[in-house]
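One structure is given here, and the rest of the page talks about it.
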Amino acid sequence: MSNPETLSLAVRALAPQFTAAAQTLAEHLCLPQVAEEEGDMLLEVGEHGLWLRELGKGAPGPVWVDFVGGANAHRRQFGGGAGQMVAKACGIKGSVRPSILDATAGLGRDAFVMAALGCPVTLIERVPVVAALLADGLARAQADADVAAIAGQMHLLTGDAIELINNWQGEAPQVIHLDPMFPHRDKSALVKKEMRLFRPLVGDDDDAPALLEAALALATHRVVVKRPRKAPAIEGRAPSQVLAGQSSRYDIYPLKSLSSR
C-alpha cells in the first residue's frame, strides 16, 4: 500500500450519550477526540452508528456501512442472487457454497453478497478506520432480525492481508476474493464519494502482486480478482479465465474444481 496523504482525522460524538463510545473508539484508533467540527475528516458516532465525513466546502456526504437498509438491502432482495457476477466468479452455483476469504474487504459489499448466498466469509481490512466502519456495520446487522443470520456468516479480521495469509491458522479458505485499490473511473456518485474519502486514507495497493501470490499459495480451489474492465491484470501469474461485465471484470485463477461439500 502506498503512503496515504497526510490529513487530520478525529473522532466526535454527535450527542452526549455517545461520548463514551467515541472516547473508546478514539483510544482504539489512537485518534484525538473533538467536540466541534475541525480538521479534514471526522469519524462521528451517533444514532446511525459510525460514519466518516469529510469537512470543508463542497465535501460529499458521509460514508458508513449499512447492511440492513439502503443499497445492500436492495441488492440482497433484488440483486440477482447466484446470477451476480461476483457469485459466478467465486463458483457459487447449485448447492456449492465455498468458504471465502475476502482479503480486501473495504465496505464489505461483496462479502455481504456472498454471505447472503450462504457462504461463510472471512473479511480482512488493513486500514483501521475502514475496519472500524465495517465492525460497526456488522454489529448493527447482528442486532437486526432480517440480516442477523447473514452477518453471523461474516467474520472480520483487522490487519495486513499478506501477513495474515502467510501466517494463516486453521482450515484454508476454498476461495480468496481480491479487489485491490485502483484508480476507478466509475461515474456513479456513490463510488466517487467513497473514492474521494478513502483515497487519502488508503492510498493505492502497490503490493497487489505480493497479495495475489500469497492468495494463490493459501486458497484451496480458486482466487478471483476484481478489476476495472480495461485495467491490466495484476503482475504475476496470468488468469486462466476472465468474467467481464460492463464496468468491471473478474480475473479467475482456478486451482481445483469446486463441488458441494
Side-chain angles (χ1 to χ4, degrees), residues 1-74 102 104-109 111-112 123-148 151 154-161 164 181 184 186 188-205:
M1 180 173 62
S2 61
N3 292 326
E5 301 168 15
T6 301
L7 54 81
S8 172
L9 176 64
V11 180
R12 177 183 180 228
L14 293 180
Q17 64 265 37
F18 303 112
T19 300
Q23 180 178 351
T24 299
L25 179 64
E27 292 174 352
H28 174 67
L29 296 176
C30 298
L31 292 173
Q33 184 178 359
V34 298
E36 304 294 335
E37 290 189 357
E38 59 181 81
D40 299 313
M41 291 186 184
L42 288 174
L43 275 171
E44 295 180 316
V45 184
E47 293 183 357
H48 60 274
L50 178 68
W51 68 31
L52 177 68
R53 186 167 66 92
E54 183 181 357
L55 303 179
K57 185 177 180 180
V63 168
W64 71 101
V65 175
D66 182 10
F67 293 125
V68 178
N72 282 314
H74 187 273
D102 188 345
T104 52
L107 293 179
R109 289 196 190 92
F112 183 75
L123 301 83
I124 297 178
E125 177 50 53
R126 64 177 167 187
V127 180
V129 169
V130 181
L133 293 171
L134 260 179
D136 173 73
L138 282 171
R140 284 183 284 106
Q142 288 164 356
D144 184 90
D146 289 336
V147 296
M154 302 167 69
H155 175 60
L156 174 63
L157 301 176
T158 303
D160 181 79
L164 289 170
M181 183 68 80
H184 289 281
D186 193 304
S188 77
L190 181 63
V191 170
K192 287 202 294 183
K193 177 173 70 174
E194 291 167 358
M195 287 300 104
R196 176 171 169 175
L197 282 171
F198 288 157
R199 183 72 65 182
L201 293 170
V202 177
D204 291 327
D205 288 326

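The figures that follow rest on heavy atoms only: side chains count, while hydrogens, waters and symmetry mates do not.
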Practice item. Could you check V34 against V11 for side chain to side chain contact (heavy atoms under 4.5 Å, CB included), going step by step and ending with a plain yes or no? Key: CA-CA 6 Å; V34 298; V11 180; over 6 Å; no
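- For the pair L29/L43, a side-chain contact is recorded, criterion being any heavy-atom separation below 4.5 Å from C-beta on.
- Applying the side chain to side chain donor-acceptor pair (under 3.5 Å) rule to E44 yields the partners R12, W51, R53; only residues at least two apart in sequence or on another chain are considered.
- Separating the CG atom in L42 from the CG atom in L52 is a distance of 8.5 Å, to the nearest 0.5 Å.
- Of all heavy-atom pairs between T19 and Q33, the closest is O-NE2, 3.4 Å.
- Shown here for A21 and V45, the closest heavy-atom pair between the two residues is CB-CG1, 4.2 Å.
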All N/O donor-acceptor pairs, side-chain side in residues 132-145, below 3.5 Å, sequence neighbours left out:
unit_1, atom_1, unit_2, atom_2, d
D136, OD2, L50, N, 3.0
D136, OD2, R140, NE, 3.0
D136, OD2, R140, NH2, 2.8
R140, NE, H48, O, 3.4
R140, NH2, V65, O, 2.5
D144, OD2, D146, N, 2.9
D144, OD2, V147, N, 3.4

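- Of all non-hydrogen atoms in L123 and A111, the two that sit nearest each other are CD2-CB, 3.5 Å.
- For the pair D40 and S8, the tightest heavy-atom approach, listed with the atom from each and the gap, is OD2-N, 2.7 Å.
- In this structure, CG in D66 is found 10.5 Å from CZ in R109, a value given to the nearest 0.5 Å.
- Looking at E125, its side chain does come within 3.5 Å of a backbone N or O of G106 through a donor-acceptor pair.
- Counting only residues at least two apart or in different chains, ring pair (Phe, Tyr, Trp, His ring centres under 6.0 Å) contacts with residues 11-47 are absent.
- In this structure, V129 and L9 approach most closely via the heavy-atom pair CG2-CD2, 3.5 Å.
- One distance of note links CD1 of I124 with CG of L156; it measures 9.5 Å at 0.5 Å rounding.
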